[in-house]
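Take a look at the structure below.
Quick note: numbers below take in every heavy atom, side chains included, and nothing from hydrogens, waters or symmetry partners. All figures in this text were calculated on a predicted structure; none of them were measured in a lab.
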Amino acid sequence: MAVLQMQRFSICALKKDRKAILEKLQALGVMEIDNSVIEDDSLQKMDTVESRQVFEKQAVMAEHALDVLQKYVPEKTSMLSSLEGKKQVNRWEYEKIVQNRDVMSKRARELVNLNKEISENNANVVKLENQIESLAPWMSLEVPMTYRGTRSAAFLVGTMSRAMTMEEIRTAVAEHAPDLDAYDVTILSADKDLTYLAVVCLRKDADKLEDALRASGFARPSQMVSKVPSELKKNLEEQIQQLNSKTKQIESQIAEYKDYRNDLRLFVDYYRIRAEKYQILGQIPQSKQTFFISGYVPEGAVPLLKEKIENAYNCTVDVEEIKEEEEPPVLLKNGKISSSVEGVLESYGLPHKGEVDPTRIMSVFYIVLFGMMLSDAAYGLLVSLVCFIALKKFPRMAEGLAKSIRLFMYCGISTLIWGVLFGGYFGNVVDIVSEVYFGHKVVIPALWFVPLNNPMKLLIFSLGLGIVHLFFGLGIKGYSYIKNKDYMGFLCDVVFWYMLLVGLLLMLIPSDLFASIAQAKIVFPPFVNLLAKVLAIGGAVGLLLFAARDNKNFGLRLALGAYELYNITGWLSDVLSYSRLLALGLATGVIASVVNQMGSMMGTSIIGVIGFIVVFIVGHTLNLAINLLGAYVHTNRLQFVEFFGKFYEGGGRPFNPFKQNTKYVDIKEEN
């Protein structure tokens with residue numbers, strides 16, 4: 001259980017060294033900048049917004065260039081590439097790319113412009129295709145749509161607002177212009193909404209005929225083309241072909257940049273680092289000759305920081321203890337096994353100032369409870385092996401992901417142990433296979449007992465384990481009281497509860513109720529029964545009188561004490577929650593057994609064996625996936641609700657040091 005002690009580290013140095021010192025702090029990554037304690041109206045802050053925006057713009061442009069490369073020249077990656085983590089580069093390699101940043105900026109800009117050109121070409125292609133589509137109804141027209149006819153004859157094109165036959169059109173004209181008969185109508189095409197027409201008539205009758213057609217829904221086209229539609233379509237298709245050809249040429253140009261992909265990634269990280277440095281640079285107070293910077297540093301990192309800063313620059317360093325009113329950030333330090341559950345703790349909340357880190361105790365119970373819920377040796381072996389191989393094959397995976405996989409590896413080992421104790425190996429697959437396919441039943445005996453044959457025994461054990469888990473939580477609460485020298489709180493809020501709970505347990509165990517559940521009668525000596533009553537009564541009286549000890553009103557104190565005693569029902573509810581260990585453990589075994597039974601029902605023929613293998617693989621994969629999720633969710637619940645509910649508040653702020661927050665590479669610093 002270790003929350004690293006923080007100290008306030010302050011630096012006063014010459015202004016000419018500010019960028020160098022910031023770069024060193026950023027490279028070391030052990031200090032969280034917090035200048036709130038520096039209050040001096042004579043000090044000023046540098047305006048770095050414009051410079052930071054320039055760097056951020058360069059990083060965004062390079063990111064865009066990488067997206068362009070990925071779009072047109074996709075990088076081949078494996079399904080497990082997300083586990084590989086960041087590539088590590090040496091400082092000299094990083095500096096080499098930095099020296100060519102102007103060249104890389106130019107290449108990134110060229111890629112962005114090439115992609116922009118492709119987008120414009122594609123937009124023009126869509127525009128031309130829309131024009132071709134709009135010409136489709138007029139394709140049988142053999143003259144331009146703008147053609148007006150001859151000196152004596154008029155020509156017009158247009159649409160009717162619905163599907164109409166030739167007879168309907170002539171009837172409509174006759175209705176509105178009965179004296180017109182010297183005209184000709186050609187239906188070019190029609191759909192359910194429009195009828196496309198070409199009309200020829202005497203020029204003197206043109207207006208009259210058009211008015212008659214308009215009365216029935218005739219309208220001129222919104223766009224008139226000056227070429228024959230079929231010829232225009234051919235021209236448009238040629239333009240589309242040219243644009244597509246040009247796009248392919250540009251794509252070939254983009255492909256020539258694929259060798260610069262890693263350099264562009266370094267380029268992105270370089271400008272991200274610079275943007276963050278300038279953000280901090282704009283926050284530090286400075287005078288004409290000096291600047292000041294302060295922040296939180298883990299106690300163990302102070303000597304290193306003093307060595308790298310104080311010995312290298314003309315500056316003054318001051319290290320102070322954290323003041324009472326300050327709320328420093330939280331950084332945990334635990335062993336490999338315990339650190340694997342830090343992500344679970346962080347998802348609930350880091351310990352606040354002065355609170356105990358429960359990670360080590362929590363890690364033991366977490367792994368034990370998880371394994372008990374899954375409780376199949378074969379499943380545990382699979383999970384632990386897969387996680388172990390992943391950790392060995394991808395040593396540079398992200399820290400958070402590595403912790404999660406390491407946690408599942410330990411949980412897999414726990415599952416393996418519980419599976420051996422309970423005799424579960426893919427459920428009862430050994431029994432089924434040996435009996436059905438070999439005619440002789442072979443049973444691997446459980447090292448302890450088979451839960452399906454004795455569920456009440458597992459229930460009693462689950463509840464007992466839950467009591468131990470909760471008692472540890474109450475014990476951590478007591479440790480916190482002693483650590484803060486609140487001995488009265490330790491007595492009233494911890495000792496009295498222990499007395500009451502232990503007394504009630506000792507009274508319950510010899511009872512007929514417990515005997516009916518445990519299928520065994522336990523008898524204590526008389527002095528133990530007397531001790532149980534003394535502990536229960538003493539604890540209850542102590543809680544009644546002192547649970548609300550800060551209240552001066554005696555009557556209200558008793559009422560609040562009685563309410564505290566009522567919380568014994570909460571303890572009962574919490575203990576019963578551990579029955580989920582029984583439920584999930586049985587569920588894993590029952591489903592596995594059902595899968596085995598279903599597979600064996602296909603017989604002993606070759607088809608039956610193949611069917612068994614298919615059912616076995618699919619069924620156990622689903623069972624493992626479902627019960628892995630169930631074990632994870634319910635183990636978290638037992639930690640968050642039952643265990644943490646006894647002592648833990650959380651709410652601490654995570655340590656966020658000023659460091660090189662790179663996206664693609666880790667820069668290896670030279671010694």
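- Annotation: side chain of L22 is in contact with side chain of F658 (closest heavy-atom distance under 4.5 Å).
- With a 6.0 Å radius and a threshold of 12 heavy atoms from other residues, nucleotides or ligands, E142 has its CD atom at or below the threshold.
- Put simply, the side chain of T635 never gets that close to the backbone of Y632: no donor and acceptor are under 3.5 Å apart.
- By the neighbour-count criterion of 12 heavy atoms within 6.0 Å, atom CE of M601 is sparsely surrounded, having that number or fewer from other residues, nucleotides or ligands.
- Listed by first and then second residue, the side-chain hydrogen bond (donor to acceptor under 3.5 Å, both in side chains) pairs that reach into residues 270-286 are R18-Q286, K19-Y278, E23-K277, E63-R272, Y270-R274, E276-N661, sequence neighbours excluded.
- The pair K208-D179 meets the salt-bridge criterion, since a charged nitrogen lies less than 4.0 angstrom from a carboxylate oxygen.
- Atom OH of Y260 has 12 or fewer heavy atoms from other residues, nucleotides or ligands within 6.0 Å.
- A donor-acceptor contact shorter than 3.5 Å is absent between the side chain of S51 and the backbone of T48.
- Within a 6.0 Å sphere centred on CD of Q44, heavy atoms belonging to other residues, nucleotides or ligands number 12 at most.
- The closest side-chain heavy-atom distance from P654 to E346 is not below 4.5 Å.
- Side-chain contact between L28 and K659: absent, with no pair of heavy atoms (C-beta onward) separated by less than 4.5 Å.
- By the 4.5 Å heavy-atom criterion applied to side chains, V228 and L141 are not counted as neighbours.
- Applying the salt bridge (charged side-chain N to carboxylate O under 4.0 Å, His left out) criterion to R214, with sequence neighbours excluded, gives E210.
- Counting heavy atoms from C-beta on, the side chains of L188 and L197 never come closer than 4.5 Å.
- Proximity of a side-chain donor or acceptor of S81 to a complementary backbone N or O of T77 within less than 3.5 Å is not detected.
- Looking at N596, its side chain never comes within 3.5 Å of a backbone N or O of M598 through a donor-acceptor pair.
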CA sep, side-chain torsions, deciding dist, call: L624, V383, side chain to side chain contact (heavy atoms under 4.5 Å, CB included):
CA-CA 9 Å; L624 176 58; V383 171; 4.1 Å; yes

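- One N or O on the side chain of T150 and one on the backbone of A153 form a donor-acceptor pair closer than 3.5 Å.
- A donor-acceptor contact shorter than 3.5 Å links the side chain of S404 to the backbone of G400.
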With side chain to side chain contact (heavy atoms under 4.5 Å, CB included) as the test, would you mind laying out the steps for S152 and R203 before giving the verdict?
CA-CA 5 Å; S152 59; R203 186 163 294 281; 5.9 Å; no

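- Using cut-offs of 30° and 60° on the angle between ring planes, the pair F426 and H620 is perpendicular.
- Between V344 and F640, some side-chain heavy-atom pair lies under the 4.5 Å cut-off.
- With no hydrogens or angles considered, a side-chain donor-acceptor pair links Y379 and N623 at under 3.5 Å.
- With hydrogens and angles left out, the side-chain atoms of R101 and S105 include no donor and acceptor closer than 3.5 Å.
- Within a 6.0 Å sphere centred on CZ of F155, heavy atoms belonging to other residues, nucleotides or ligands number more than 12.
- At a threshold of 4.0 Å, the pair E342-K403 counts as salt-bridged, since one of the basic side-chain nitrogens sits closer than that to a carboxylate oxygen.
- Side-chain contact between Y72 and V68 is present, with at least one heavy-atom pair separated by less than 4.5 Å.
- Few gaps surround CG on N113; more than 12 heavy atoms of other groups in view lie less than 6.0 Å from it.
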Please determine whether side chain to side chain contact (heavy atoms under 4.5 Å, CB included) holds for the pair I132 and I240, giving the CA-CA distance in whole Å, both sets of side-chain angles, and the decisive distance to 0.1 Å.
CA-CA 10 Å; I132 291 174; I240 290 174; 3.7 Å; yes

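- A 6.0 Å sphere centred on CD of Q241 holds no more than 12 heavy atoms belonging to other residues, nucleotides or ligands.
- Of all heavy-atom pairs between P74 and K71, the closest is CD-O, 4.2 Å.
- Taking the side chain as every heavy atom from C-beta outward, M31 and Y296 never approach each other to under 4.5 Å.
- The backbone N or O of I293 lies less than 3.5 Å from no partner atom in the side chain of N35, so there is not a single donor-acceptor pair.
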Begin from the C-alpha positions of K668 and V89 and carry the test side chain to side chain contact (heavy atoms under 4.5 Å, CB included) through to its verdict.
CA-CA 6 Å; K668 184 179 180 181; V89 298; over 6 Å; no

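- Remark: the backbone N or O of L111 is not paired with any side-chain donor or acceptor of N115 at under 3.5 angstrom.
- In terms of modelled atom types and a separation under 3.5 Å, the side chain of N90 and the main chain of E93 share no donor-acceptor contact.
- For Q26 (side chain) and I273 (main-chain N/O), a donor-acceptor pair under 3.5 Å exists by modelled atom type.
- The pair E32-R653 meets the salt-bridge criterion, since a charged nitrogen lies less than 4.0 angstrom from a carboxylate oxygen.
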Please output the side-chain donor-acceptor pairs of residues 157-171 that fall under 3.5 Å, not counting sequence neighbours, one pair per line with the distance.
residue	atom	partner	partner atom	Å
T165	OG1	E168	N	3.3
E168	OE1	T165	N	2.9
T171	OG1	E167	O	2.7

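- Ion pairing between a basic and an acidic side chain is recognised when a charged N comes within 4.0 Å of a carboxylate O; E75 and R265 show such pairing.
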